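Structure, as structure tokens:
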Amino acid sequence: MEKKRFYITTPIYYPSDKLHIGHTYCTVATDAMARYKRLTGCDVMFLTGTDEHGQKIEDKAREAGVTPQQFVDHIVTGPRGILDLWKLMNISNDRFIRTTDGYHVSAIQKIFRKLYDNGDIYKGKYVGKYCKPCESFWTESQLVDGKCPDCGREVADAEEEAYFFRLSKYAERVRHLLEDTDFLEPRSRVHEMVNNFIKPGLEDLCVSRTSFTWGIPVDFDPGHVVYVWVDALSNYITALGYENNQYDDYGKFWPADVHFVGKEIVRFHSIIWPAMLMSLGEPLPKKVFGHGWLLLDGGKMSKSKGNVVDPYILAELFGVDALRFFLLRTFPFGSDGNFSNEALIQTINVDLANDLGNLLSRTVSMAGKYFDGQLPAVQAGDEEKDAELTGMISTLRDRYEEQMEKFAFQNALAEIFKVIDRANKYIDENAPWALAKDMETNGPRLGRVLYNLLEVLRISAILLTPFIPESAAEVLRQVGADASASSWESAARYGGLPETVTVVRGENLFPRVDAEQALEQLEQAAEAARKAALPDLEIEPQLPEKVDFETFSKSDFRAVKVKDCQAVKKSAKLLKFTLDDGTGTDRQILSGIAKWYRPEDLIGKTLMAIVNLPPRKMMGQESNGMLISAVHTEKGEECLHLLILDDAIPAGAKMC
RNA sequence: CGCGGGGUAGAGCAAUUGGUAGCUCGUCGGGCUCAUAACCCGGAGGCUGCAGGUUCAAGUCCUGUCCCCGCAACCA
């Protein structure tokens, strides 16, 4: 029989910045679903990627002084970039598409032309507000107090030639799709879409731009680039080989079984994307699932708020599996959830360390202690004591499957942990350590008790594989499950392990996290990250106020030679300079630069000072003037350099 | 009256078509000793934001009202 196929996607992420925990959440969820489907025997295609064009990337690249391509290359393929992150998170995507890939670019041009040829794309005028200094178009609603949101200056009515897609033409068909099918889930998103966008009337969509160049050129009209909708959404089919020769899986995998998307882009996927496909005459994806967001302190996570959570730090501190598990165990996939480090640590300790890890540890350890690691062939069941647990084990896969098919990861995991909880209780009820006191009599019973526990672990581990692949494999290894006892089929029934199974004691699967210590480490890491995010170089802005020449001329700057320099006692900052200022009398100046210079290094140097400042006392000593330094800020740290002059300049020379 | 989501124990969340308000953590008390100071049992703690209504029965349905969050069309 031919394998069932399953095509699942994440959104393609916009690499204008490093990705945060929210992106990781979505990708991990998609990965779990993909792994689950593979486990059940499906032929899976799992696609993720990056959407690399657009104004914002162009701007960011310019700021960074690199080409847009260099900019996105760095974020996508560079160290600790997106590819690295997915590798770290153990993401099992089969394909990775970048919208700058050559095959995608040419496919988009063909798609654009196809839509143009069939009359659904037409040339029109895009009317808006234009800010001349910024060279930017804005819509009425984007304006801040009627002015340009970027620079705050006045804007003027303007129009731009642009291509439009006849979205309006498909309004009724899309409405039907949303309201009368389960195309879009969760259901609550449907109301939002219909009320907000369809009922007011769908307007045609502007699908080209002339205001920036970092995009896919419209091949029959130079100057226009394809705007994001056509470019980005089409990735789901170009990555399969639609209108290109890079791949040849379109017939095999399209239509997609599900697009996982964040709720902020549900609109594009549930309205624009189906309409585009209708126009192309292609089948629609079977489902779009809009998942919720991870909130921080009840609010949205964003760079500008400075409250993004870095998945690298968490994965490195707690382990990839622990992080993956937490994300899918804690939050209902369809709605928002509150992320917190405390919740993460608690979940790791309670579910993974105390319940699962400890169950494995105590079970394997008892098998080692009482049976040298190999259970006896003769075992004694006890219907009354075993029925509840074995019943739960043998029906677990079905309950799990039911939840997984609804993308209810949280509930699927809850089902597994109900059984794990029950198993911990089962140990107490049967008190193996008491049985072990009389092996002659109780050996067979003890053997069966441990066998039942191993079965719980075996089946749980199989079902946990999509969530925590590495750890689940380790559980299976320790309980002595071979390949046939690790399959999806074998998870459907109790008794997959041979009765004389041999267990392998291993390291603790999930060590308990010391909450206090971990929180402190996170705080430090966050601090370091904040610092790294500071600009490389900051300089004081220039003063807008003018100074008249006469006032300036009153300042008497002179070259001075350092005859002696010492640290001022009891002062952390001050250095005391004895200077030759050319008058024949030594001049003493105190300067707060001890942080940057050792006194002995400065002796003999030629510096610049202003000598007609009124004398001032510091730490009980008199300072006559001020040494001139250059100051700037690097990564938030203040830097200072004395102006050190050519030694050929004689002491006392006037600066003018 | 722009749209949508949410207000349930100290905290974080659940509750199929209306049918005894549950779970995790925390807290208090007890048990066990195989295990990762873990595991097991029990107790306390709620007028389900507020006010009305429908019903034998409302967290759930209806009306009003207050508070929080997100979105508000070219923003990827």
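No experiment lies behind these values; they were computed from the predicted model shown. Quick note: numbers below take in every heavy atom, side chains included, and nothing from hydrogens, waters or symmetry partners. Order of the sequence lines sets the chain letters (A, B, ...), proteins ahead of strands, with each chain counted from 1.
With rounding to whole Å, A:N354 atom CG is found 10 Å from B:rA37 atom C1'. Spacing between atom CZ of A:F339 and atom P of B:rC13 amounts to 14 Å, rounded to whole angstrom units. Note: CG (A:D351) to C1' (B:rC23) measures 11 Å, nearest angstrom.
Here A:D17 does not pair with A:K56 in a salt bridge; the nearest charged N to carboxylate O distance is not below 4.0 Å. A salt bridge is absent between A:R448 and A:D382: the closest approach of a Lys/Arg side-chain nitrogen to an acidic carboxylate oxygen does not fall below 4.0 angstrom.
At a threshold of 4.0 angstrom between heavy atoms, the contacts of A:P11 with the nucleic acid are absent. Within 4.0 Å (heavy atoms only), A:F331 reaches no atom of the nucleic acid at all. If you check every strand for non-hydrogen atoms under 4.0 Å, A:D355 touches sugar and phosphate atoms only. Residue A:I57 is classed as having no contact, given no heavy-atom separation below 4.0 Å to the nucleic acid. Note on A:I265: a base of the nucleic acid sits closer than 4.0 angstrom, heavy atoms only.
Comparing B:rC74, B:rC40, B:rC34 by their closest approach to the side chain of A:K369 singles out B:rC34.
In a base pair of the Watson-Crick type (N1 to N3 plus N6-O4 or O6-N4) or a G-U wobble (N1-O2 and O6-N3), with each distance short of 3.5 Å, B:rC39 is matched with B:rG31. The pairing partner recorded for B:rC71 is B:rG2, the criterion being a Watson-Crick or G-U wobble arrangement whose two distances lie under 3.5 angstrom.
Counted by atom type alone, A:D438 and A:T441 present one or more donor-acceptor pairs between their side chains at under 3.5 Å.
Across the C1' atoms, B:rC39 and B:rG6 are found 37 Å apart, a figure rounded to whole Å.
Comparing A:N424 and A:S365 by the nucleotide of RNA chain B whose heavy atom lies nearest to each, the residue mapping closer to the 5' end is A:S365.
Residues A:I420 and A:N424 meet the side-chain proximity criterion, which asks for heavy atoms closer than 4.5 Å.
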